[in-house]
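So that the names make sense, note that chain A is the first sequence line, chain B the second, and so on, each numbered from 1.
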Number of protein chains: 2
Amino acid sequence: MTLLLSNEDVERALPMRECLEAMEIAYRDLGLKEGANGLRSEVLTPTARGGALYSLLTMSGVVPRFKIAAVRIDSDILTWPSLGGVARRVKVPAADGRYVGLVLLFDTHTGEPLAIYPDGVVQRMRVGAVTGLAAKYLARAEAQEVALIGAGFQAGAQAMAIAAVRNVKRIRCFSPDRQKRESFAREIESKLGLEVVPCDSAREAVKGVDIVLCATNSMEPALMADWLEAGQHVSSISRLELDPDIIAKANVIFLHVHEVHGKSIRTAGAYPPKDVEDKRAALGAKIAQAGWPELPDLLLDKVPGRGSDRDITLFLNYTGLGYQFAATGHVIYKNAREAGLGRELDTSLFTSALPS
Amino acid sequence: MTLLLSNEDVERALPMRECLEAMEIAYRDLGLKEGANGLRSEVLTPTARGGALYSLLTMSGVVPRFKIAAVRIDSDILTWPSLGGVARRVKVPAADGRYVGLVLLFDTHTGEPLAIYPDGVVQRMRVGAVTGLAAKYLARAEAQEVALIGAGFQAGAQAMAIAAVRNVKRIRCFSPDRQKRESFAREIESKLGLEVVPCDSAREAVKGVDIVLCATNSMEPALMADWLEAGQHVSSISRLELDPDIIAKANVIFLHVHEVHGKSIRTAGAYPPKDVEDKRAALGAKIAQAGWPELPDLLLDKVPGRGSDRDITLFLNYTGLGYQFAATGHVIYKNAREAGLGRELDTSLFTSALPS
């Protein structure tokens, strides 16, 4: 039987601690070339809505140790509205008010489709877990004060992940929207059972903390180099949110992985706003050239991490991998089966007597 | 509602003539850059069965004119058994005796998942239709005698396609397996209502015909250059089945498309037999260098086709595209809806209130 799971099922089946454990094992395997990430593909074409594009994104990966293969598909209507004078990429829930992102899991021993579920929950859990993994290896062991820049969808998983790898006492969070940062603080406080303080500025949030997590979708720097203090661990999930001078200020830098996506995009008679994409592409090229070590190098101790308690360490959590959906899929499928979650469909609906 | 279709539904919903029409429109759009093919990705890893590999293959494409996006996923157990001293790539039906190949269709105006179905039927229909399209433009208008080398799964669709684009009187078919070619001849004869003659050799089949269609999975040449006659149109669906001297003998050559797949394969601790893949890769590189015009160039009259009735024309139908699944998907979805085929599932099972 093939499992159909909802976001709620996925949320129940993927506790952050188990997500972190599976990701740690999977990233070691990736570094040892015992796991493989497939190529990413994005197709951009016209759509009905003015100023919007249709985007079909696919990515995949296999963790042989878990016997799990995953394909993630996003079928999105994209827009680039100008917010505060800056264009941002925003998805429109055009599918009857909902978004379309799917994960399909397969068994590498039989080929069978094991499960299908929306990618909404896992999308932020996997980003959070990678940030958490890097912090586990790079942040000072006694770190307990955290600044979180951003109070959106991704920020919540960043908080869950950091609380799972360090004995966090307090999170100081900032978002330019007062209401957003205050409700975020209340939500995370009750969810994680630790103090969360909304701050009036990013500068204020960062002052004196041990760990700075950036989780914005800002197109302009949200964290400045001269705010950083000795011993801090900094991480970022979005290329444009860091002041470029932070690179020079960091003593130790690790990149998530050196995947380059520029060549993965195909377009048909429709193009995203050039200035936005050019900015991203230029930064991507710079990062690719820098030759920084990757997360698997850190986990496998191929490259040393923090040298002293005064080092500023930096982790750039860019470029999502299809591979992450296989690692998280392993946990989701196992737990969903054990808990009897979801709805079962006859696997033969998704298989064929004909070869292909 | 999202449609779940079976191979039988797909077969009913995709008549070869409609398939050819949709592909012709779609390939013109591709040539005009009004349609786009996504990147292909294949991940190869270990699996349980000795001597086998697990393969996760994804491809995608969008035909904006049809408002259809498609993703095709194959989750296969691959083996390379030696048949008659030659290693061939063979899929094992390890999913409870069945194969796992899926197509997912999406609406480019809303992002919604429209349908999910196995790729078994469409897999050969799309290959056949591309062969048929090329023959429609390259074969002599009065062509009526056809040789078909191969009597397997693909050969059937080649026969359907050629019968749809020319007034075919007779097909002479060859397979080294006598029983196979005889039962194939009977099956196609009754299906297409034209004479199908099994031949004892490929040489015999090819003699005096107007069109030669190769549709084998042979790892050695199955059609020799010195068998060819003036005026014949020749096509091939597999890189190794043609005598390389045929290239020099042909007056006009068109390639399906110049997609290169070599870099799309990622492996983890497991590799296919090197000799087989090296041979394929060497041929692929040669083809990429040759700079032949592509099918869209022919359809859009950018490059002239046959110059005279004595020209030998050659079409190399290599490298499947995800784009083909969008073109055929348009026909399948429309006809399946009209005929009330398949099973409906609530679309909200595949969509999400969360962005991703």
Side-chain angles (χ1 to χ4, degrees), chain A residues 4 7 33-39 41-43 45-48 54 56 58 60-62 64 69 71 73-77 91 93-96 98-102 104 106 108-113 116 118-121 123 153 264 266-269 347-356, chain B residues 4 7 33-39 41-43 45-48 54 56 58 60-62 64 69 71 73-77 91 93-96 98-102 104 106 108-113 116 118-121 123 153 264 266-269 347-356:
Chain A
L4 286 191
N7 270 320
K33 299 197 189 311
E34 291 176 4
N37 184 57
L39 258 69
S41 165
E42 182 168 14
V43 179
T45 75
T47 182
Y54 173 70
L56 180 67
T58 56
S60 64
V62 183
V71 177
I73 305 171
D74 280 4
S75 169
D76 286 311
I77 311 302
K91 296 183 177 185
D96 205 14
R98 294 162 66 88
Y99 301 91
V100 183
L102 288 174
L104 294 93
F106 300 91
T108 62
H109 284 193
T110 65
E112 280 181 319
I116 304 177
D119 67 357
V121 167
Q123 164 63 3
F153 181 62
S264 69
R266 301 287 181 93
T267 56
T347 298
S348 68
L349 285 168
F350 304 106
T351 61
S352 170
L354 297 176
S356 57
Chain B
L4 286 191
N7 270 319
K33 300 199 187 311
E34 290 175 6
N37 184 57
L39 259 69
S41 165
E42 182 169 13
V43 178
T45 74
T47 183
Y54 173 71
L56 180 67
T58 57
S60 63
V62 184
V71 177
I73 305 171
D74 280 4
S75 169
D76 284 312
I77 312 302
K91 296 182 176 184
D96 205 14
R98 292 163 69 87
Y99 301 91
V100 182
L102 288 174
L104 293 95
F106 300 90
T108 63
H109 284 192
T110 65
E112 280 181 319
I116 304 177
D119 66 358
V121 168
Q123 163 64 2
F153 181 62
S264 68
R266 301 287 180 92
T267 56
T347 297
S348 69
L349 286 168
F350 305 105
T351 62
S352 169
L354 298 176
S356 57

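Proximity to chain A (any heavy atom under 4.5 Å) is restricted, for Phe153(B), to the side chain, taken from C-beta onward. Residue contact with chain B, scored on non-hydrogen atoms closer than 4.5 Å, involves the backbone and the side chain of Thr108(A) alike. Only the side chain of Lys91(B) comes within contact range of chain A, with at least one heavy atom under 4.5 Å from a heavy atom of that chain. Contact of Glu112(A) with chain B is made through backbone and side chain together, with heavy-atom distances under 4.5 Å. For Thr267(B), the part sitting under 4.5 Å from any heavy atom of chain A is the backbone (N, CA, C, O) and nothing else.
Shown here for Leu56(B) and Ile73(B), the closest heavy-atom pair between the two residues is CD1-CG2, 4.0 Å. For the pair Gly35(B) and Pro64(B), the tightest heavy-atom approach, listed with the atom from each and the gap, is CA-CD, 3.7 Å.
No other option in Thr351(A), Thr47(A), Leu104(A), Val71(A) has as many heavy-atom pairs under 4.5 Å with chain B as Thr351(A). Ranked by heavy-atom pairs under 4.5 Å with chain B, the list Ser352(A), Gly120(A), Pro118(A) is led by Ser352(A). If you tally non-hydrogen atom pairs under 4.5 Å between each of Thr347(A), Ile116(A), Leu349(A) and chain B, the highest count goes to Leu349(A). Between chain B and the residues Ala69(A), Ala48(A), Ser348(A), the most heavy-atom pairs under 4.5 angstrom are made by Ala48(A). Counting heavy-atom pairs closer than 4.5 Å to chain B, the top-ranked of the candidates Pro93(A), Ala353(A), Gly61(A) is Ala353(A). Most heavy-atom pairs under 4.5 Å with chain B, from the set Gly101(A), Ala36(A), Ser60(A): that is Ala36(A).
Every residue meeting the side-chain hydrogen bond (donor to acceptor under 3.5 Å, both in side chains) condition with Asp119(B), not counting sequence neighbours, appears here in chain and number order: Ser356(A), Arg72(B). Tyr54(A) is linked by a side-chain hydrogen bond (donor to acceptor under 3.5 Å, both in side chains) to Ser75(A), counting only residues two or more places apart in sequence or in another chain.
Remark: Arg266(A) CZ to Asn37(B) CG distance equals 6.0 Å, nearest 0.5 Å. One distance of note links OH of Tyr99(A) with CG of Asn7(A); it measures 12.0 Å at 0.5 Å rounding.
Residues Pro113(B) and Val100(A) meet the side-chain proximity criterion, which asks for heavy atoms closer than 4.5 Å. Looking only at side-chain heavy atoms (C-beta outward), Leu4(B) and Phe350(A) come within less than 4.5 Å of each other.
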